[in-house]
Every structure is written in structure tokens, then in C-alpha cells.
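Comments concern the structure below.
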Number of protein chains: 2
Amino acid sequence: MRSAFEAEPLLRAAALRVTRPRVAVLTAVHDHPHADTDSIVRRVRAAIGDVSTQAVYDVLRALTAARLVRCIEPAGSVARYETRVADHHDHLVCRSCGDIVDVDRAAGEAPCLTATGDHGFTVDEAEVVFWGLCPACARLPPVDRNR
Amino acid sequence: MRSAFEAEPLLRAAALRVTRPRVAVLTAVHDHPHADTDSIVRRVRAAIGDVSTQAVYDVLRALTAARLVRCIEPAGSVARYETRVADHHDHLVCRSCGDIVDVDRAAGEAPCLTATGDHGFTVDEAEVVFWGLCPACARLPPVDRNR
DNA sequence: CCTGTTTTCTGGAATGAGTCAAGAAAACCG
DNA sequence: CGGTTTTCTTGACTCATTCCAGAAAACAGG
């Protein structure tokens with residue numbers, strides 16, 4: 001699953017050292033949005049051979065800090081990552097199979113729920129998660145992932 | 001911190017057996033909204049003596065299934081619980097200290113971000129989390145809880 | 001291109017929230 | 001009061017994630 005995606009320039013632009021694990025992780029996340037750490041580890045190993053689990057965790061943390069990837073953690077799920085960081089989109093999560101898809105947020109309505117009575121908080125982000133069932137799970141008997 | 005809150009009738013109304021652990025857990029969650037499991041365990045033990053950790057987990061699951069409490073899991077935080085289940089409110093989370101406060105959602109604007117292009121999902125809930133800094137942390141040097 | 005400095009990666013052990021399972025103990029029904 | 005069913009206890013266990021110390025790689029300067 002080769003992609004024309006070029007990880008190296010992105011890493012350099014972010015002032016991050018270019019290493020094989022980093023290129024592989026960034027590419028894997030780009031090619032498989034919403035993947036969890038474990039599947040990223042497997043894809044990275046398939047791509048460049050042995051890589052320690054720790055390295056992947058470190059890389060994901062570095063990439064997240066550099067805003068090259070974004071970490072999403074829906075309730076009841078492990079951490080997942082995506083490279084779509086430029087725009088502000090939200091997520092749709094299937095309660096049954098855990099599948100996640102992006103939903104564009106119509107431009108103007110960004111923080112449409114302004115925190116009235118914000119208790120003095122300085123709000124910098126409004127995160128929206130839509131919960132429901134994906135088409136496939138909707139027509140199957142309820143599997144009940146009790147969450 | 002005795003409260004006039006009566007857990008027993010709520011349990012009965014939900015067709016749940018009334019046990020000391022259940023009453024204690026429900027009361028603790030009511031009195032300390034957004035508490036995590038560990039602090040609930042400690043409060044319950046302070047209230048009624050020895051209770052197994054497992055019992056608290058079981059009770060919280062039962063109460064959640066019965067919709068007497070709601071479980072919230074902001075990214076980077078352990079599970080937290082609240083008894084405010086009737087209305088639909090959102091949460092404001094401090095990036096620094098993890099503190100959570102409720103924000104009322106103005107009536108009409110419920111799922112104001114209608115999932116346009118919903119990929120065929122059957123959406124049943126829109127969850128909104130506002131991220132920022134609480135007043136106390138806002139005026140302190142950045143503690144950086146890197147999440 | 002070689003060397004030193006800094007950052008990253010390896011390997012292995014550890015942490016901690018949460019779960020599983022089997023039997024003992026309570027609740028509730030009549 | 002029994003009998004049934006549900007809940008609680010105990011203790012082992014899973015699994016994502018983190019910590020640590022040393023080895024290896026990347027980059028900057030010569």
C-alpha cells in the first residue's frame with residue numbers, strides 16, 4: 001500500500017530528526033487514519049522490520065507534540081491517531097464495532113456551543129463526538145459492547 | 001458531608017436490589033460529581049467500611065446500565081462518574097489539573113452539529129467536551145500535563 | 001567525511017486501571 | 001422462614017502504557 005505521501009519533509013519542517021521509525025509511523029498513520037497503537041506497531045514492523053514498541057510510543061508522542069498527528073481517545077477505546085490536523089473536524093464512533101469516521105464541521109459553526117457559564121475557564125477547543133451505529137452494525141443483532 | 005439525597009428509592013425504581021455498597025456508591029457519586037473510581041472506592045469505604053474494589057466496579061457498571069449514573073472518560077483521564085443524567089449537559093475539562101465542570105447545553109441547540117455526511121451512521125448522541133484551563137491553572141506557570 | 005553532542009531507539013521490567021472466575025453471602029419473593 | 005437469584009469477596013490476570021539505563025543513530029562543525 002505505497003502512498004505518494006512524503007513524511008520526511010513534514011518531519012524536517014517540524015524540526016524533528018528524520019529516522020526510519022518516524023517516517024514509518026507517520027506514513028502508517030497517514031495511510032490508516034484512526035488506527036490504534038498496536039496496529040500502527042504492526043504496520044511499522046511490516047514496513048521496516050523490527051522496531052521496539054517503546055519507539056512507536058515515543059514517536060507518536062513526538063509527532064503529537066509537533067502537531068503532525070492528532071491523538072483521539074473515544075471513551076472505552078484505546079488511543080488512536082490521525083494525520084488530519086489542519087482542519088477542525090469531528091468524529092462519528094460506532095458503539096458496536098468501534099469504527100470511527102470523520103465528519104466535517106461546517107465552517108461557521110465551530111464552537112457553536114459557546115460555553116455559557118464557563119466557570120472562568122479559558123476554553124481553547126470544543127471536541128465533538130457523535131455516538132451511534134455504523135451501517136453494518138445497525139442491521140446486525142445488537143452485540144452489546146456495553147459502553 | 002451527609003446529604004438529604006436518598007439512594008434507596010432510586011435503586012428500587014430502577015429495579016435494582018438495594019445493598020449497602022450500592023447505596024454508598026450512588027451517594028458518593030451524587031455528592032462528588034466527576035469523581036474517579038479510586039476516590040469513589042475510598043469514599044465508600046469511609047462510609048460503610050470494607051468493600052471490595054470489584055464490588056465498586058460492578059456497582060458502577062450496574063448503575064450505569066440502569067442510567068442512574070453516567071460515565072465520562074475525557075481523553076487522558078480515567079473513568080469518572082456523575083448522577084446528573086436527566087438533562088443533557090456537556091463538560092469543561094482543565095488541561096492542567098483535569099478538573100471537570102458541567103456546562104448546560106442551551107435547550108434548542110442539542111445536536112446543533114448535525115452530522116452532515118453521516119456515512120450512514122445512526123447517531124443517537126452528540127457528546128461535547130470543551131478543553132481549556134480552569135481559573136486556578138490559568139494563572140499558574142504551565143504545568144504541562146502533555147496531553 | 002569524520003567527530004562530538006544530542007536525541008532517539010532497544011530491551012526489559014514495572015505500573016495501574018480494569019476484568020475474569022468461582023464460591024460465599026445477601027436480597028427479595030412468596 | 002426457606003428457595004432463588006443476584007451481588008460481593010478474593011485473588012489471579014490482562015493489557016495499554018510508562019520508566020529506566022545503556023546502545024545506536026542523526027545532525028552540526030570542522
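In what follows, every heavy atom counts, from backbone to side chain, and hydrogens, waters and symmetry copies are set aside.
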In the 5'-to-3' direction, what one-character label does each nucleotide of nucleotides 7-15 of chain C receive under the scheme B = base within less than 4.0 Å of a protein heavy atom, S = sugar-phosphate only, - = no such atom? SSSBB----
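Rounded to the nearest 0.5 angstrom, A:I100 CD1 and A:D90 CG are separated by 12.5 Å.
Counting only residues at least two apart or in different chains, salt bridge (Lys or Arg N to Asp or Glu O under 4.0 Å) contacts with residues 41-51 of chain B comprise B:D38-B:R42.
Among residues two or more places apart in sequence or in another chain, the side chain to side chain contact (heavy atoms under 4.5 Å, CB included) test is passed with B:V85 by B:R70.
Atom CD of B:E73 and atom P of D:dA16 are 15 Å apart (whole Å). Between B:R45 atom CZ and D:dC8 atom P there is a gap of 13 Å when expressed in whole angstrom units. Rounded to an integer number of Å, the gap from CZ of B:R80 to C1' of C:dG18 is 16 Å. If you take CG of A:D38 and P of D:dT14, they are 16 Å apart, rounded to a whole angstrom. As rounded to whole Å, 13 Å separates atom C1' of D:dA26 from atom CG of A:L11. When the C1' atom of C:dC28 is taken as reference, atom CD of B:E8 falls 13 Å away, rounded to whole Å. Here C:dT19 presents its C1' atom at 8 Å from CZ of B:R61, a figure rounded to the nearest Å.
Of the residues near DNA chain C, B:V18 and B:T37, the one whose nearest nucleotide (by heavy atom distance) lies more toward the 5' end is B:T37.
A side chain to side chain contact (heavy atoms under 4.5 Å, CB included) with A:L10 is found for exactly one of A:V23, A:L16, A:L26, A:V18, namely A:L26.
No hydrogens or angles considered: nothing links the side chains of B:H119 and A:D102 as a donor-acceptor pair under 3.5 Å.
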Run the numbers on B:R80 and B:H91 for side chain to side chain contact (heavy atoms under 4.5 Å, CB included), then give the verdict. CA-CA 12 Å; B:R80 288 159 184 282; B:H91 296 107; over 6 Å; no
